**Q** 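If you scroll down you'll find the structure; I have some questions about it.
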Amino acid sequence: MDIKFIPIDYDYFDFEDKNYIRLIGKSESGKKICVIDSFEANFWVILKDGVKKENVDLLIEKIGKINIKKGSRESCVLRTEVCKKKYLGRDVSAIKVYVTNHKDCSAITSEIGDSDDIMARREHDINIVTKYIMEGGIKPMKWHSVSGDILAEDDMGGIGGCLDVDLCLKISTKKEIDDTPFSPKVLAYDIETTSRELGKGKILMISLWGEDFHKVLTWQDCSKKQDFVECFSDEASMIEGFVDYVKKYSPDILCGYFSDGFDLPYLRERAKKKKVKLDLGIDGKEPRFSRGIIPTGKISGIVHIDLYRFIAAVYSQYLASETLSLNEVASELIGSGKEDFDFDLLNNMNDDHWYDFFSYSLKDSEVTYKLFGKVWPDILEFTKIIKEPCFNVSRDRMASHVENYLLHNLSRFDEIAEKNPVHSEILSRKAMDKFEGAFVYEPTPGLYEDIVMFDFTSMYGSVIVTYNLSKTTLVEGDLDSGYEFSSELGFFPTLLAEIIDLRKKYKKEYNLSKDNLSKARSNAYKLLANASYGYQGFYGARYYSREAASSTTRLAKENILLTIDKIKDAGFKVLYSDTDSIAFLRGKKSRDEIMKLLFDLNKNLPGIMELDLEDFFQRGIFVTKKGGKKNEASVGAKKKYALLQESGKLNIRGFETVRRDWCQLARRLQSNILKEILVEGNEKKALEVLREVVSNVRSREIDLRDIIIKTQLKKELNEYASKGPHVAAAIKMEKLKMPVSTGMIIEYYVGEGKGKKIGDRVLLPSEKGKYDIDYYLKNQIFPAVLNIFEVFGVNVEEALAKQKQMGLGDF
DNA sequence: TCCCTACCGTGATG
DNA sequence: GTACATCACGGTAGGGA
């Protein structure tokens with residue numbers, strides 16, 4: 001039988017002491033297909049240089065005899081091959097050892113042990129699906145032409161019979177074919193509970209949203225309910241109803257928001273308590289959870305995607321959202337958020353309340369579904385580029401993505417993969433001193449006109465490629481005198497050069513077509529390029545290289561300092577620079593002359609390093625650093641400035657305006673004042689704006705939500721050495737039996753009182769009280785604007801006092 | 001008790 | 001355990017006068 005097939009989910013199983021890979025996917029006609037492919041588990045024994053032939057033969061003989069019993073399973077070496085390979089860029093001889101079961105690779109590796117002839121044993125620590133794909137297996141989310149035998153129900157231990165699929169095929173050949181688009185069948189879900197805390201509450205309703213399928217399942221009998229509401233007799237039958245609907249809908253992807261951490265574990269817990277089966281898997285099994293800070297819920301045959309995980313791990317850096325709540329993220333990405341519902345009502349609900357609650361619940365699933373549509377092109381492209389199953393791709397962090405990209409491209413270089421660091425290596429890597437990082441130029445505070453900004457494209461990535469910086473190309477040297485790297489290009493810089501090229505290609509393509517696909521591709525390659533520096537400096541990396549990472553920052557710094565000097569030599573005043581960007585005054589030069597300067601600078605840059613025009617700006621402001629010692633010359637603040645684009649848009653960096661741990665009042669005021677000064681060029685008007693806010697604060701005309709300060713709780717309450725206001729607020733919340741957990745954003749405001757510490761005066765938003773006028777003026781309003789006015793030589797307090805004398809203000 | 005400062009903690013930049 | 005270093009700044013904690 002011949003069939004066109006796209007794999008969506010990967011798994012494996014053992015049959016008669018052999019490993020098989022099980023892929024669930026779709027046929028061209030939309031049938032759900034299970035494909036079974038064989039896989040020969042194996043790993044490498046790398047030989048030392050110049051080992052004698054007879055020693056190799058002895059070693060092979062010894063390896064061939066290994067036999068391991070583990071429980072009921074017996075594992076042995078099937079065969080061995082001696083190959084010419086590369087390891088860390090060097091030519092080696094290596095024995096490829098094929099074994100009966102992947103699970104026993106490590107045990108057999110240990111059995112082989114160390115010897116004078118063995119340099120290393122490798123690739124036994126790569127998971128089976130990754131290894132399968134690395135060795136020519138069916139690639140994720142790509143159409144393949146496969147042929148093989150249809151499995152009858154009782155074939156291979158009944159694997160075909162117990163799966164809820166249209167067809168089960170044991171294949172003998174496979175071939176990647178084309179890039180026809182694929183749209184998965186998606187079902188979004190969301191639950192509402194009586195308590196956020198697992199084990200403390202019940203599930204009140206479950207909502208589902210798919211294409212032409214919208215449902216809210218509940219056990220709350222209610223006279224007034226919408227058509228989409230289906231009422232069950234109790235919580236248990238509601239959960240069973242949920243399982244039935246999921247099976248009937250038969251989605252490729254089941255998708256939630258924070259569902260790894262909340263919805264799925266909650267469902268499992270309630271199902272267990274109520275003794276119902278949560279058998280969502282196509283093999284009739286319940287979701288499997290892996291351990292971790294956040295559990296990971298895997299459903300057999302259906303890809304469970306927690307959108308929050310993907311957004312938090314790779315997508316969030318492009319978002320303006322200050323929190324990653326569904327509401328905020330959805331508002332930004334799809335233009336509509338959740339509905340409002342007052343959860344305090346839960347203890348005392350009438351029919352109207354329930355009616356609203358049903359609608360609220362359904363909206364959550366709808367928003368999740370739409371958000372999925374928005375983010376899916378990125379997950380899909382990442383999956384195809386990284387070549388890992390999308391279950392993993394949607395959860396992995398950038399370091400894993402980089403590493404998986406490397407693993408799946410090693411065969412092109414004949415490379416045997418390096419091992420993961422063991423625990424002790426991770427510890428010693430972490431214990432190392434930090435190395436010097438980026439260069440930041442100290443600006444001279446002031447207001448400037450006509451500013452040009454240049455920046456290096458993929459600065460660190462292009463440095464790594466240009467200077468060939470990687471673990472395998474390091475020759476010698478030390479941190480002080482600098483490391484020397486080989487002139488022969490290593491696989492890491494080679495792959496990175498490709499990534500940077502592909503990024504350019506798809507960026508260009510996107511600029512022409514503006515389609516989602518090239519945008520997602522361009523994004524993915526950009527993220528990979530940017531993460532590659534961090535990867536080499538990450539202690540958990542297989543190809544960790546502190547030498548490469550520290551050389552990257554050192555050489556980047558060297559180049560940007562040289563470029564700054566050249567811009568200065570050309571007669572320009574440099575204002576600022578941070579890592580890969582340089583801002584300077586255009587002076588009387590024309591734009592063409594600036595472009596000529598850019599061209600000349602580029603001519604002399606080494607390798608693939610490239611300087612680009614970021615933008616021309618009308619005006620910009622740099623301010624002084626606060627808290628300098630008395631009588632000390634004022635220092636320009638780094639990472640804190642605002643630039644006005646020609647389009648009129650204001651780029652604000654580092655100021656309190658963009659910091660979520662300042663109250664809205666101070667943030668909005670600061671942003672208005674920056675606008676007044678940069679857009680209107682009117683610092684007098686700015687002073688008026690300030691005066692009005694001060695007056696409003698004094699007369700208590702300020703809305704509570706404008707003075708709320710939000711700070712994230714980053715550790716357990718008892719781990720804090722210094723208990724700041726947000727910790728005090730969190731302790732207060734705990735006393736009131738409100739849920740408090742690490743990672744939460746704590747909200748509070750500062751009330752009147754004598755307490756020495758701010759923490760003694762914090763009030764929760766739900767608490768009635770008077771805000772402390774003095775605190776908000778002295779600790780929020782003034783600090784946010786003082787150093788902006790200082791640029792104009794305006795002393796705010798004096799100016800305000802003066803106005804008072806003139807009768808302009810009554811504060 | 002007041003004042004100073006080192007350190008803690010968060011969240012920004014790139 | 002889950003990419004890197006650099007930076008600003010409020011607030012607390014603790015020592016010295």
Side-chain angles (χ1 to χ4, degrees), chain A residues 292-294 309 312-314 317 322-323 395-403 420-421 423 425-427 429-430 433-442 455-456 458-460 527-541 543-544 546 548-550 552-554 556-557 560 576-582 614 623-630 635-641 651-662 666 709-715 719-728 745-746 750 755-762 775 778-780 783-784 787:
Chain A
I293 301 167
I294 302 173
R309 297 279 300 260
V314 307
Q317 49 188 305
E322 280 167 19
T323 70
R395 287 170 176 77
D396 284 345
R397 308 285 227 169
M398 280 316 296
S400 302
H401 289 319
V402 172
E403 187 151 287
N420 258 323
H423 190 62
E425 279 171 300
I426 290 181
L427 289 182
R429 288 174 183 184
K430 281 170 90 169
D433 281 342
K434 290 189 167 178
F435 53 85
E436 205 180 319
F439 168 72
V440 189
Y441 189 102
E442 188 196 313
D455 64 359
F456 284 91
S458 296
M459 171 73 130
Y460 284 163
L527 284 164
L528 274 181
N530 287 344
S532 58
Y533 153 70
Y535 173 79
Q536 296 203 101
F538 167 49
Y539 51 77
Y543 292 100
Y544 171 80
R546 212 181 112 83
S550 62
T552 307
T553 53
R554 187 175 54 80
K557 190 169 172 176
I560 200 158
Y576 185 61
S577 164
D578 185 349
T579 312
D580 61 354
S581 67
I582 305 168
E614 163 73 27
V623 298
T624 54
K625 197 157 90 169
K626 247 175 267 182
K629 291 200 185 83
K630 279 172 202 162
V635 178
K638 298 170 176 179
K639 298 184 186 286
K640 215 173 169 185
Y641 62 90
N651 292 359
I652 300 179
R653 296 287 125 88
F655 274 111
E656 286 74 5
T657 301
V658 297
R659 293 184 59 93
R660 71 166 179 209
D661 56 349
W662 282 68
I709 297 165
K710 302 178 185 180
T711 314
Q712 189 178 27
L713 198 65
K714 296 195 129 183
K715 31 182 165 180
E719 285 172 15
Y720 280 94
S722 171
K723 295 191 194 307
H726 75 297
V727 181
I745 309 269
I746 305 294
V750 177
K756 190 172 171 253
K757 286 184 292 187
I758 306 297
D760 296 336
R761 296 190 274 141
V762 294
Y775 173 82
K778 274 198 186 133
N779 297 38
Q780 293 275 324
N787 50 8

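What you are looking at is a predicted structure, and each value in this text was computed from that prediction instead of being measured. Lettering of chains follows the sequences in order, A, B, ..., and the numbering in each one begins at 1.
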**Q** Quick one: side chain to side chain contact (heavy atoms under 4.5 Å, CB included) partners of A:Ile426, sequence neighbours excluded?
**A** A:Pro421, A:Lys430, A:Tyr539
**Q** Could you give the CZ-to-P distance, from A:Arg397 to C:dC4, as a whole number of Å?
**A** 11 Å
**Q** At under 4.0 Å between heavy atoms, what does A:Glu436 touch on the DNA or RNA strands: base, sugar-phosphate, or nothing?
**A** sugar-phosphate
**Q** Once you round it to whole Å, what is the distance between C1' of B:dG9 and CD of A:Glu719?
**A** 13 Å
**Q** Nearest whole Å is fine: how far is C:dA3 P from A:Gln317 CD?
**A** 11 Å
**Q** Going by the rule side chain to side chain contact (heavy atoms under 4.5 Å, CB included), which residues pair with A:Arg395 if we only count those two or more places apart in sequence or in a different chain?
**A** A:Asp260, A:Thr296, A:His304, A:Asp306, A:Arg309, A:Phe391
**Q** Is the number of heavy atoms from other residues, nucleotides or ligands under 6.0 Å of A:Lys723 NZ greater than 12?
**A** yes
**Q** Decide yes or no on salt bridge (Lys or Arg N to Asp or Glu O under 4.0 Å) for A:Lys640 and A:Glu656, but give the supporting numbers first.
**A** CA-CA 9 Å; A:Lys640 215 173 169 185; A:Glu656 286 74 5; 3.3 Å; yes
**Q** Under 4.0 Å: is that the gap between some side-chain N or O of A:Arg660 and OP1 or OP2 of B:dA12?
**A** no
**Q** Which listed nucleotide (B:dT13, B:dT10, B:dG14) is nearest to the side chain of A:Lys715?
**A** B:dT10
**Q** In whole angstroms, how far is the C1' atom of C:dA5 from the CZ atom of A:Phe439?
**A**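 Roughly 14 Å, once rounded to whole Å.
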**Q** Less than 4.5 Å apart, side chain to side chain, heavy atoms only: is that true for A:Asn420 and A:Glu403?
**A**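 Answer yes - side chains close enough.
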**Q** How close or far is atom P of C:dA5 from atom OH of A:Tyr539, stated in whole angstroms?
**A** 11 Å
**Q** Side chain of A:Phe538: nearest nucleotide among C:dC4, B:dG9, B:dG14?
**A**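 Closest nucleotide to the A:Phe538 side chain: C:dC4.
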**Q** Hey, does the side chain of A:Tyr720 come within less than 4.0 Å of B:dC7's phosphate (OP1/OP2), counting only N and O?
**A**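 So the side-chain polar atoms of A:Tyr720 never come under 4.0 Å of the phosphate oxygens OP1 or OP2 of B:dC7.
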**Q** Round to a whole Å and report the spacing from CG of A:Asp580 to P of B:dG14.
**A** 8 Å
**Q** Quick one, give me the B/S/- string for nucleotides 8-17 of chain C, reading 5' to 3', where B means a protein heavy atom under 4.0 Å from the base and S means that only happens at the primed atoms, P, OP1 or OP2.
**A** SSSSSS----
**Q** How many Å lie between CZ on A:Phe456 and P on B:dT13, as a whole number?
**A** 21 Å
**Q** Look at all strands and tell whether A:Gly534 reaches a base, only sugar-phosphate, or nothing, counting heavy atoms closer than 4.0 Å.
**A**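 Base, at least one base atom sits under 4.0 Å.
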**Q** At 4.0 Å (heavy atoms only), tell me whether A:Tyr641 reaches a base, stays on the sugar-phosphate, or touches nothing.
**A** sugar-phosphate
**Q** Ignoring backbone atoms, test whether A:Gln712 places a side-chain nitrogen or oxygen under 4.0 Å from the OP1 or OP2 oxygen of B:dG11.
**A** yes
**Q** OP1 or OP2 of B:dT13 versus the side-chain N and O atoms of A:Tyr441: is any pair under 4.0 Å?
**A**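 No, because none of the side-chain N or O atoms of A:Tyr441 sits under 4.0 Å from OP1 or OP2 of B:dT13.
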**Q** Residues two or more places apart in sequence or in another chain: which of them pass side chain to side chain contact (heavy atoms under 4.5 Å, CB included) with A:Lys714?
**A** A:Gln712, A:Tyr720
**Q** Tell me whether the OP1 or OP2 atom of B:dT10 has a side-chain N or O from A:His726 closer than 4.0 Å.
**A** yes
**Q** Using the side chain to side chain contact (heavy atoms under 4.5 Å, CB included) criterion, which residues pair with A:Lys557? Sequence neighbours excluded.
**A**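 Result, side chain to side chain contact (heavy atoms under 4.5 Å, CB included) vs A:Lys557: A:Glu436, A:Phe439, A:Leu561.
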**Q** Residues two or more places apart in sequence or in another chain: which of them pass salt bridge (Lys or Arg N to Asp or Glu O under 4.0 Å) with A:Lys639?
**A** A:Asp578
**Q** Consider the side chain of A:Lys430, meaning its heavy atoms from C-beta on, and name the nucleotide among C:dA5, C:dG1, B:dG14 that approaches it most closely.
**A** C:dG1
**Q** Starting from P on B:dG9, measure out to CD1 on A:Ile745 and report it in whole angstrom.
**A** 17 Å
